[in-house]
Novice: 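Sharing a structure below in structure tokens format, with a few things to ask.
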Amino acid sequence: MSGLKHSLSEAKWRFAVPLLLVLSWEAFSRSGMIPASLLPAPSRVFSTWMDWIFGINESAQDSSGKWIYDAMASCLRVTAGYLIAAVSGIALGVAIGWWRWVERAIEPTVQMLRPVPPVSWIPLAIIWFGIANKPAIFLVFLGAFFPILMNTVHGVKTADRNLLRAAAMAGARQGQLLRFVILPAAMPSIFAGLRIGIGSAWMLTVTAEMVAVKSGLGYALWDSYYFLRYDLVIAAMISIGLLGFLADWILKQIMNSMLRWQHVSTVQGKG
Amino acid sequence: MAFIELNDIVKVFKDRKRGTDMLAIDHVSLKLEKKEFLCLLGPSGCGKSTLLNMIAGFEFPTSGEVKVAGRAITGPGADRGMVFQQANLMPWLPVWDNVAFSLKLQGKSAAERRAAAQPFIETVKLKGFENHYPNELSGGMAQRVGIARALLQNPSVILMDEPFAALDAQTKMEMQEELVALWQRYEGTIVFVTHSVDEALILATKVAVMTHRPGRMRELIDIDLPRPRDTTTQEFNHAKRHILGLIREEAALAHADAALLAA
């Protein structure tokens with residue numbers, strides 16, 4: 001009971017600062033110090049957002065009720081680019097970390113491409129893939145690929161070599177060493193990379209949609225800017241933030257269930 | 001034909017940086033029958049772990065050959081069980097799956113592995129800890145899992161590389177007693193590397209004392225003290241005095257060599 005009370009008072013503090021910010025924003029925006037259209041009040045943003053989602057009163061004009069299509073378009077690009085990046089990043093990362101000759105052959109190229117900001121690929125991406133899903137997926141891939149790759153390499157290289165001896169003694173061949181020892185040993189690092197990657201993936205989807213695609217939350221945001229609908233711009237920003245948060249949350253759940261072995265001792269220690 | 005055979009083993013380590021060769025093991029031969037419990041003793045750097053690693057298949061002699069059950073060793077494999085100084089358990093697998101790791105590699109189902117692991121888990125007194133992860137275990141418990149894993153692989157040949165060196169005195173004593181009981185029960189052959197003369201005398205049927213580098217066989221001593229071994233008897237201490245004398249001599253010679261090299 002006291003635990004519940006404690007967590008309630010903790011929750012109170014967690015919400016205090018955001019609530020205060022929203023309230024002062026509302027007050028400031030209603031005070032008339034600057035035109036309401038330049039900084040729409042949170043209440044206005046919220047009602048427009050609700051119309052964008054549910055199509056209640058057409059306050060979002062053309063976008064009314066279309067939120068789910070925009071959100072789905074963005075999610076689809078993130079998912080596609082991210083999955084390609086995850087699969088190829090982990091596979092290549094394990095190969096670079098395990099075989100010296102792969103590292104020698106590929107590492108210099110990777111290190112040269114890595115510092116190039118993914119955004120700078122936009123012109124080429126548009127020439128190669130046109131204006132549609134593909135350039136956005138390509139950009140998402142670029143943004144997520146490098147953190148996943150680098151963390152996988154790190155995880156493979158720092159895996160405890162003594163475990164390899166134990167596994168070899170149990171009769172493991174090279175492929176089995178990779179699958180049953182190296183991959184699980186590198187899993188914590190791989191997940192660190194996957195979580196950095198999902199952040200870049202959302203950032204780059206939105207960027208790509210502003211420039212190279214005619215749908216999605218990023219496009220809705222940029223389009224609303226042209227029509228001076230700053231309430232829609234803010235609603236789009238909030239939507240992107242929430243979806244990014246949700247994607248990371250899902251990843252965290254998968255991670256916690258797969259890396260349960262890392263946390264058991266702390267759980268026991270608390271109880 | 002002996003069960004474990006080391007025939008005229010020579011090991012030369014090449015020092016690539018300095019371009020020199022270092023003779024680590026100098027013509028060591030050893031024959032071990034089934035059901036023997038051999039402890040390898042010697043000053044540090046004498047090559048006793050290298051010898052063990054050759055039986056395990058992690059290292060190969062420069063000349064000479066290593067045979068187990070009549071077959072030359074070509075690499076590590078599940079026909080021999082090994083217990084390491086650190087337990088070396090897979091931290092992401094629960095106790096039962098660590099014990100049955102060799103069966104996982106053979107593609108056995110989880111149910112089969114679980115069933116095969118159970119008797120060995122009970123043998124090392126870890127009943128109730130089957131689903132614990134390695135980082136929830138104490139050092140002694142982790143080492144028990146390591147022993148169960150080696151037993152499941154093949155109880156007839158167990159190689160042990162200072163497995164109790166990192167344990168506290170109390171746990172070490174318990175583990176030594178249990179190891180003797182396991183050895184008697186499974187009638188296996190054990191090769192055990194240790195620094196401790198007491199440990200060797202508590203466990204072994206034979207103690208091999210090696211010289212300082214390059215390692216040669218100084219003396220192979222049969223230990224036929226009655227079991228359970230009593231560390232306070234005159235016979236025990238007589239044997240201990242003799243072996244300590246050998247080791248002191250070798251350590252002194254090693255220091256003299258080092259001084260000569262430095263001069």
Side-chain angles (χ1 to χ4, degrees), chain A residues 90 93-94 97-98 100 151-152 154-194 251-271, chain B residues 49 52-53 55-59 73-95 97-108 113 129 131-138 142 145-154 157-161 163:
Chain A
I90 293 171
V94 168
W98 184 248
R100 207 37 89 65
N151 280 281
T152 305
H154 173 78
V156 170
K157 289 201 161 182
T158 53
D160 185 357
R161 302 287 127 172
N162 285 321
L163 297 182
L164 292 176
R165 280 162 64 90
M169 209 64 223
R173 296 181 303 276
Q174 174 151 271
Q176 290 181 314
L177 289 179
L178 280 177
R179 182 175 154 207
F180 290 113
V181 183
I182 291 296
L183 200 61
M187 218 30 107
S189 285
I190 292 176
F191 267 106
L194 286 173
L251 205 59
K252 219 160 98 181
Q253 300 311 305
I254 299 171
M255 178 174 88
N256 286 342
S257 81
M258 276 185 77
L259 301 183
R260 204 156 30 105
W261 55 273
Q262 277 198 318
H263 307 293
V264 277
S265 56
T266 40
V267 169
Q268 209 186 37
K270 269 184 197 164
Chain B
S49 289
L52 190 78
N53 281 333
I55 306 173
F58 290 122
E59 290 186 51
I73 299 298
T74 55
D79 55 327
R80 289 143 288 154
M82 181 144 177
V83 182
F84 303 85
Q85 187 167 3
Q86 303 299 324
N88 290 345
L89 306 175
M90 310 298 157
W92 52 89
L93 297 179
V95 164
D97 218 5
N98 263 297
V99 171
F101 190 75
S102 58
L103 300 180
K104 195 187 190 80
L105 297 173
Q106 291 163 24
K108 296 274 163 53
R113 300 198 309 267
F129 292 94
N131 292 313
H132 281 55
Y133 287 95
N135 61 5
E136 297 175 282
L137 305 176
S138 67
V145 178
I147 292 172
R149 177 172 66 183
L151 285 173
L152 182 141
Q153 251 169 261
N154 185 1
V157 190
I158 306 280
L159 310 173
M160 306 183 99
D161 189 3

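Naming convention: chains lettered A, B, ... in sequence-line order (proteins, then strands); numbering from 1 in each chain. Computed from a predicted model, the values in this text were never measured in an experiment.
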Novice: For A:Arg100, does the CZ atom sit with more than 12 other heavy atoms under 6.0 Å from it, leaving out its own atoms?
Specialist: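 No.
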Novice: What residue in A:Met187, A:Gln176, A:Arg179 has the most heavy-atom pairs under 4.5 Å with chain B?
Specialist: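 Most pairs with chain B among the choices: A:Gln176.
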Novice: Hey, what's the ring geometry for A:Phe180 with B:Phe101, parallel, tilted or perpendicular (30° and 60° as the breaks)?
Specialist: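 Aromatic pair A:Phe180/B:Phe101 classed perpendicular.
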Novice: Please determine whether side chain to side chain contact (heavy atoms under 4.5 Å, CB included) holds for the pair B:Trp92 and A:Val181, giving the CA-CA distance in whole Å, both sets of side-chain angles, and the decisive distance to 0.1 Å.
Specialist: CA-CA 9 Å; B:Trp92 52 89; A:Val181 183; 4.3 Å; yes
Novice: Using a cut-off of under 4.5 Å on heavy-atom pairs, state which of B:Met82, B:Arg80, B:Met90, B:Lys104 scores highest against chain A.
Specialist: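 Among B:Met82, B:Arg80, B:Met90, B:Lys104, the one with the most close pairs to chain A is B:Met90.
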Novice: For A:Arg165, which atoms come within 4.5 Å of any heavy atom of chain B: side chain, backbone, both, or neither?
Specialist: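 Both parts, heavy atoms under 4.5 Å.
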Novice: Measure distances from B:Leu93 to the heavy atoms of chain A and classify the residue's part below 4.5 Å as side chain, backbone, both or neither.
Specialist: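 Contact with chain A: none, neither part.
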Novice: Counting only heavy atoms closer than 4.5 Å, note whether B:Asn53 contacts chain A via side chain, backbone, both or neither.
Specialist: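 Contact with chain A: side chain only.
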Novice: Which residues pass the salt bridge (Lys or Arg N to Asp or Glu O under 4.0 Å) test with A:Lys252, not counting sequence neighbours?
Specialist: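 Once residues adjacent in sequence are excluded, A:Lys252 has no partner under the salt bridge (Lys or Arg N to Asp or Glu O under 4.0 Å) criterion.
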Novice: Would you please name every residue forming a salt bridge (Lys or Arg N to Asp or Glu O under 4.0 Å) with B:Asp161, sequence neighbours left out?
Specialist: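 For B:Asp161 there are no salt bridge (Lys or Arg N to Asp or Glu O under 4.0 Å) partners, ignoring immediate neighbours.
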